[in-house]
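What follows is one structure encoded as structure tokens, with my remarks underneath.
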Amino acid sequence: VGGMENILTSEQAQVNHLVPINVPFINVGFGWSLQRRFDIDLSACLWDYRGNLVNRIYFGSPANTSGSVLHLGDDLTGESCGDHEVISLSIIDLPDSIYTITFILGIYSPNYSFTDACDLYIRLFDNDQEYWCSTLPNPDLDCDFNSYIVAKVTRNFPPSSYQSWFLKVLWEPVFMADIKDSNQSHLETITDEEYESRGESIIIKSLQIKILEGKNLVAKDCTGYSDPYVKFKYKGKKYKTKICKQTLNPVWQDPDIWELNISHLDLTEGLVFDCWDKDYVTSDDYMGRFIIYPTLRHLNDEYCEWVPLKTRSGKRDTVTGEILAGILILGEQKSLD
């Protein structure tokens with residue numbers, strides 16, 4: 001994998017400068033020279049190709065469903081050494097529906113401004129190398145604002161490649177109450193038809209899914225175990241695994257292969273599966289929900305993924321554990337000649 005250009009000079013890191021992201025994994029961190037103790041928070045907003053907000057990643061919601069964007073911890077005072085907060089991006093694992101990610105710094109301590117944060121910076125780095133760094137250009141001019149849209153990363157074509165992302169420095173001062181509207185002006189959007197074709201670089205023939213294993217599932221029976229199975233419904237057709245009796249770590253031997261006629265658009269929202277405990281006396285007990293986001297980078301190459309079980313929206317389900325799924329997207333690269 002090729003590296004990125006090391007872009008560190010003030011001239012190169014100026015506002016509206018485009019930085020190509022040519023690595024599959026990257027960290028975005030910020031910090032400042034401490035003058036007074038106060039709280040600045042880093043967050044990331046994930047937007048789809050229509051300009052809809054999909055996720056906001058911050059200390060209170062530290063990961064998106066696929067785990068490709070992670071907030072690594074909250075610094076309440078600015079006293080920590082090095083970067084005060086970091087968001088990690090697995091560019092190669094971002095859902096195909098995500099087209100723009102905006103990064104926001106917001107002050108959460110009352111009666112403070114960015115003039116109290118000397119040498120405020122944001123940077124791109126990995127464990128071994130810093131690729132790019134930019135410092136706040138005019139803190140005194142923007143002292144009335146309590147937030148910045150610092151930068152954005154935007155997907156380019158072809159969308160299946162991590163090498164199709166670019167970062168742009170923004171440093172746009174905004175009021176926190178206006179963050180969503182201000183973000184909208186920086187979004188890259190396309191129509192459904194453009195998304196479906198996307199240069200017609202990949203033709204999807206089908207998607208195959210196998211449910212393989214589970215681990216650390218919640219106990220629903222008085223025995224301390226469960227009888228888990230997985231259900232799934234797609235385009236009116238119902239799918240169901242066999243029941244694994246009296247276990248919290250099921251293994252589905254000789255699993256069924258569920259083959260789906262799927263399109264690019266179908267991949268954007270993810271595929272929702274539900275895990276249940278078979279009850280032979282009363283109704284079955286709910287054990288959790290998991291969402292799979294198949295990625296085109298594994299075209300014609302089966303891969304396995306552990307997916308965490310979550311509660312249903314608005315429900316108070318007791319949920320633990322993960323499910324292992326085997327995923328295969330069958331398709332072909334279409335010639336652009």
Side-chain angles (χ1 to χ4, degrees), residues 64-68 90 92-98 158-161 195-196 198 200-218 220 225-280 284-310 312 319-334:
N64 63 334
T65 305
S66 67
S68 53
S90 178
I92 200 167
D93 292 318
L94 282 167
D96 289 339
S97 59
I98 302 302
S160 58
S161 169
Y195 181 82
E196 187 67 38
R198 298 191 293 177
E200 298 292 342
S201 59
I202 294 176
I203 300 174
I204 298 176
K205 294 181 178 178
S206 67
L207 169 68
Q208 294 181 359
I209 291 182
K210 297 183 291 187
I211 305 302
L212 302 172
E213 298 180 31
K215 64 181 179 181
N216 302 323
L217 304 187
V218 65
K220 290 293 185 178
Y225 295 99
S226 296
D227 301 310
Y229 65 93
V230 172
K231 292 200 306 185
F232 171 58
K233 184 177 180 180
Y234 181 74
K235 293 186 176 179
K237 186 175 180 179
K238 296 179 181 179
Y239 303 84
K240 179 180 174 181
T241 67
K242 299 179 179 69
I243 297 168
C244 289
K245 294 184 178 181
Q246 292 299 282
T247 179
L248 303 182
N249 299 287
V251 176
W252 283 277
Q253 302 287 353
D254 300 319
D256 294 330
I257 299 175
W258 300 339
E259 186 157 5
L260 312 177
N261 181 16
I262 202 164
S263 68
H264 287 284
L265 282 176
D266 293 328
L267 299 178
T268 63
E269 303 298 330
L271 303 172
V272 181
F273 300 76
D274 292 295
C275 187
W276 293 84
D277 166 55
K278 179 65 179 177
D279 195 312
Y280 295 93
D284 294 353
D285 297 314
Y286 194 70
M287 298 182 67
R289 168 168 292 178
F290 61 98
I291 304 176
I292 293 175
Y293 293 89
T295 173
L296 290 173
R297 71 184 176 91
H298 291 291
L299 188 68
N300 298 318
D301 183 15
E302 183 176 11
Y303 68 101
C304 295
E305 180 178 353
W306 283 102
V307 190
L309 288 161
K310 304 288 187 181
R312 293 170 291 185
V319 172
T320 63
E322 301 174 273
I323 298 292
L324 178 66
I327 304 163
L328 173 62
I329 299 179
L330 297 172
E332 63 182 30
Q333 293 281 148
K334 183 176 179 181

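Basis for what follows: all heavy atoms, side chains included, without hydrogens, waters or symmetry-related copies.
Of the inter-residue distances, the one linking D227 atom CG with D279 atom CG reads 8.5 Å to the nearest 0.5 angstrom. In this structure, NZ in K205 is found 12.5 Å from CG in N261, a value given to the nearest 0.5 Å. Rounding to the nearest 0.5 angstrom, the gap separating the CG atom in L207 from the CD1 atom in I262 is 4.5 Å. To the nearest 0.5 Å, atoms CG (L217) and OG1 (T247) are separated by 7.5 Å. Between the OH atom of Y229 and the SG atom of C275 there is a distance of 9.0 Å, given to the nearest 0.5 Å. Between the NZ atom of K220 and the CH2 atom of W276 there is a distance of 9.5 Å, given to the nearest 0.5 Å.
Judged by distance alone, with hydrogens and angles left aside, the side-chain atoms of S226 form no donor-acceptor pair with the main-chain N or O of D277 at under 3.5 Å.
Within a 6.0 Å radius of OH in Y225, other residues, nucleotides and ligands contribute 12 heavy atoms or fewer. Summarising the local packing, NZ of K240 is surrounded by more than 12 heavy atoms from other residues, nucleotides or ligands at distances under 6.0 Å. Within 6.0 Å of the NZ atom in K245, the count of heavy atoms belonging to other residues, nucleotides or ligands does not exceed 12.
For L212 against A325, the heavy-atom pair with the smallest separation is CD1-C, 4.2 Å. Residues D93 and S90 come closest through the heavy atom pair OD2-OG, 2.7 Å.
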What verdict does the side chain to side chain contact (heavy atoms under 4.5 Å, CB included) test give for L309 and I323, after you've listed the backbone C-alpha separation in whole Å, the side-chain angles of each residue and the deciding distance to 0.1 Å?
CA-CA 7 Å; L309 288 161; I323 298 292; 4.1 Å; yes
I243 and Y280: CA distance, side-chain angles, deciding distance, side chain to side chain contact (heavy atoms under 4.5 Å, CB included) verdict
CA-CA 12 Å; I243 297 168; Y280 295 93; 4.0 Å; yes
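Considering only heavy atoms from C-beta on, K231 stays 4.5 Å or farther from K238 through its side chain. K210 has its side chain within reach of E302: a pair of non-hydrogen atoms, C-beta onward, lies under 4.5 Å apart. Taking the side chain as every heavy atom from C-beta outward, P294 and L271 approach each other to under 4.5 Å. The closest side-chain heavy-atom distance from V307 to I291 is not below 4.5 Å. Contact check for I329 versus N300: no side-chain heavy atoms found under the 4.5 Å cut-off.
Salt-bridge check for D274 with R289: passed, with a basic side-chain N closer than 4.0 Å to an acidic carboxylate O.
Every ring pair (Phe, Tyr, Trp, His ring centres under 6.0 Å) that F290 has, sequence neighbours left out, goes to F273.
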Side-chain donor-acceptor distances from residues 248-259 under 3.5 Å, at least two apart:
unit_1, atom_1, unit_2, atom_2, d
N249, OD1, N216, N, 2.9
W252, NE1, T241, OG1, 3.3
W252, NE1, K242, O, 2.7
E259, OE2, S206, OG, 2.9

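Just one of I209, L260, I292, V272 meets the side-chain contact (heavy atoms from CB on, under 4.5 Å) condition when paired with F232; it is L260.
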